[in-house]
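Below is one structure, written out as structure tokens; comments come after it.
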2 protein chains.
Amino acid sequence: MAQRNTWQRERVREALSDARGFVSAQSLHATLRDENTGIGLATVYRALAGLAAQGEADSLQSPEGEALYRACSSTGHHHHLICRSCGLTVEIEATDVEQWAKRTAERHGFRDAEHVVDIFGLCATCAAARDAQRDAN
Amino acid sequence: MAQRNTWQRERVREALSDARGFVSAQSLHATLRDENTGIGLATVYRALAGLAAQGEADSLQSPEGEALYRACSSTGHHHHLICRSCGLTVEIEATDVEQWAKRTAERHGFRDAEHVVDIFGLCATCAAARDAQRDAN
DNA sequence: CCGCGATTTGAGAACGATTCTCATTAGCCT
DNA sequence: AGGCTAATGAGAATCGTTCTCAAATCGCGG
């Protein structure tokens, strides 16, 4: 018997889908704990690791060093455009970049190349909000 | 008075230059502590943060969540091709990718975009070594 | 429907990296 | 040399993540 179905794992999967963009394990745990029974932090971590391993979720390291997760719609390889303020995420394709990465690695004799290509910025909404706040000061 | 010159900062800069590739703050501290007077861990972190802020060093998050630093030869913006086995790092230019990142961010209404573009792989040497070992089994 | 064994869970401890605190040290300018 | 102040270092504090282990739970066979 390899894998059991528990309501906890299901809840984590749901919460991950509901989130608009990347979320940290910590905030996911907080959300889940608020809305209902006391799910354990360790369980959230385990569930997320599991989902990531099965390719049902994406994970990346935020510049602040936190691990962020996101439900992954396209199972294939893809990249992200992430709002550093609200976490909104846009999945982007980058065929050109794929090719470039592959060629660059080969040109330098590297094998089994993986690449990390993500863009962090402020989405239109957050940029506007920040401008508004700046004006107030 | 904004910035003072201390031998500690100098040592950190040296140690960073001596390293072949990316190193963690921890291992840098270990190295420095071994070779001489007891430099403080906090000081190493402060020096690294300073160097990174001034553009004299690059920093990135390893997949394991550690922050890695490297002395940066070209002051401009650039990317890396990193051997996941030995840490060897090649600085690469990616003008095309810069443009692509910028355009992509703009197209989605994002501002102040930064991007992370790094390639991890096995350098020729490590790939050969791994083949040799596989043959032995 | 019941029981059994293996898997999961949850609370908290353990851990590793990074940051903070604060008394002490040591640049830099006059 | 003397004073002002930034920088240092030791350890505590913080934060995210993983580990431990007893207790709860799942899912199968009966």
Side-chain angles (χ1 to χ4, degrees), chain A residues 1-16 19 21-54 56-70 82 84 87 118 120, chain B residues 1-16 19 21-54 56-70 82 87 116:
Chain A
M1 203 177 309
Q3 173 95 342
R4 284 180 192 176
N5 295 331
T6 61
W7 62 266
Q8 288 96 332
R9 224 190 301 269
E10 214 39 59
R11 276 286 210 291
V12 170
R13 197 199 308 267
E14 282 174 29
L16 198 57
F22 275 91
V23 270
S24 66
Q26 299 284 342
S27 73
L28 250 177
H29 174 237
T31 306
L32 288 170
R33 178 172 288 261
D34 281 353
E35 81 184 29
N36 58 43
T37 58
I39 189 172
L41 177 57
T43 304
V44 175
Y45 273 98
R46 278 185 290 239
L48 287 173
L51 289 172
Q54 299 172 225
E56 297 193 51
D58 261 0
S59 72
L60 63 81
Q61 297 278 336
S62 79
E64 291 77 36
E66 247 182 326
L68 302 181
Y69 294 86
R70 176 165 195 258
I82 305 153
R84 121 179 89 229
D118 289 301
F120 290 85
Chain B
M1 203 178 308
Q3 173 96 340
R4 283 179 193 176
N5 295 332
T6 62
W7 62 265
Q8 287 97 331
R9 223 190 303 266
E10 215 38 60
R11 276 287 211 288
V12 170
R13 197 198 308 265
E14 281 173 29
L16 199 57
F22 277 90
V23 272
S24 68
Q26 299 285 343
S27 74
L28 250 176
H29 174 236
T31 305
L32 287 171
R33 177 171 291 260
D34 282 352
E35 80 183 29
N36 57 42
T37 58
I39 189 172
L41 177 56
T43 304
V44 175
Y45 274 97
R46 278 185 290 241
L48 286 174
L51 289 173
Q54 297 173 227
E56 296 193 54
D58 260 0
S59 71
L60 63 82
Q61 296 279 334
S62 80
E64 292 77 37
E66 245 184 326
L68 302 181
Y69 294 86
R70 177 167 193 259
I82 305 154
V116 178

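Here is the naming used below: chain letters follow the sequence lines, and residue numbers restart at 1 for every chain.
In this structure the side chain of A/Leu16 reaches within 4.5 angstrom of the side chain of A/Leu48, judged on heavy atoms. In this structure, the side chains of B/Arg46 and B/Gln8 stay at 4.5 Å or more apart for every pair of heavy atoms. Two residues are said to be in side-chain contact when any heavy atoms from C-beta on lie closer than 4.5 Å; B/Tyr69 and B/Leu51 fail this criterion. Looking only at side-chain heavy atoms (C-beta outward), A/His29 and A/Ile39 come within less than 4.5 Å of each other. Looking at heavy atoms from C-beta onward, A/Val23 lies out of side-chain contact with A/Thr31 at the 4.5 angstrom threshold.
Distance CD (A/Glu10) to P (D/dC26): 13 Å, rounded to an integer number of Å. Here the C1' atom of nucleotide C/dC15 and the CD atom of B/Glu64 are 16 Å apart, to the nearest Å. Atom CG in B/Leu32 sits about 14 Å away from atom C1' in D/dT8, given to the nearest Å. As rounded to whole Å, 13 Å separates atom P of C/dT8 from atom CG of A/Leu51. Going from atom CG of B/Leu28 over to atom C1' of C/dT18 covers 15 Å, rounded to whole Å. In this structure, B/Gln3 atom CD and D/dA7 atom P are separated by 6 Å, rounded to whole Å.
Between the side chain of A/Arg9 and the backbone N or O of A/Arg4, at least one donor-acceptor pair lies under 3.5 Å.
Comparing A/Arg33 and A/Arg9 against DNA chain C, the residue whose closest nucleotide sits nearer the 5' end is A/Arg9.
Of the side-chain N and O atoms in A/Gln8, one or more sit less than 4.0 angstrom from OP1 or OP2 of C/dG10. Neither OP1 nor OP2 of D/dC26 sits under 4.0 Å from any side-chain N or O of A/Asn5.
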With the sugar-phosphate defined as primed atoms, P, OP1 and OP2, and the base as all remaining atoms, what B/S/- string results for nucleotides 17-25 of chain D, 5' to 3', for protein heavy atoms under 4.0 Å?
BBBB----B

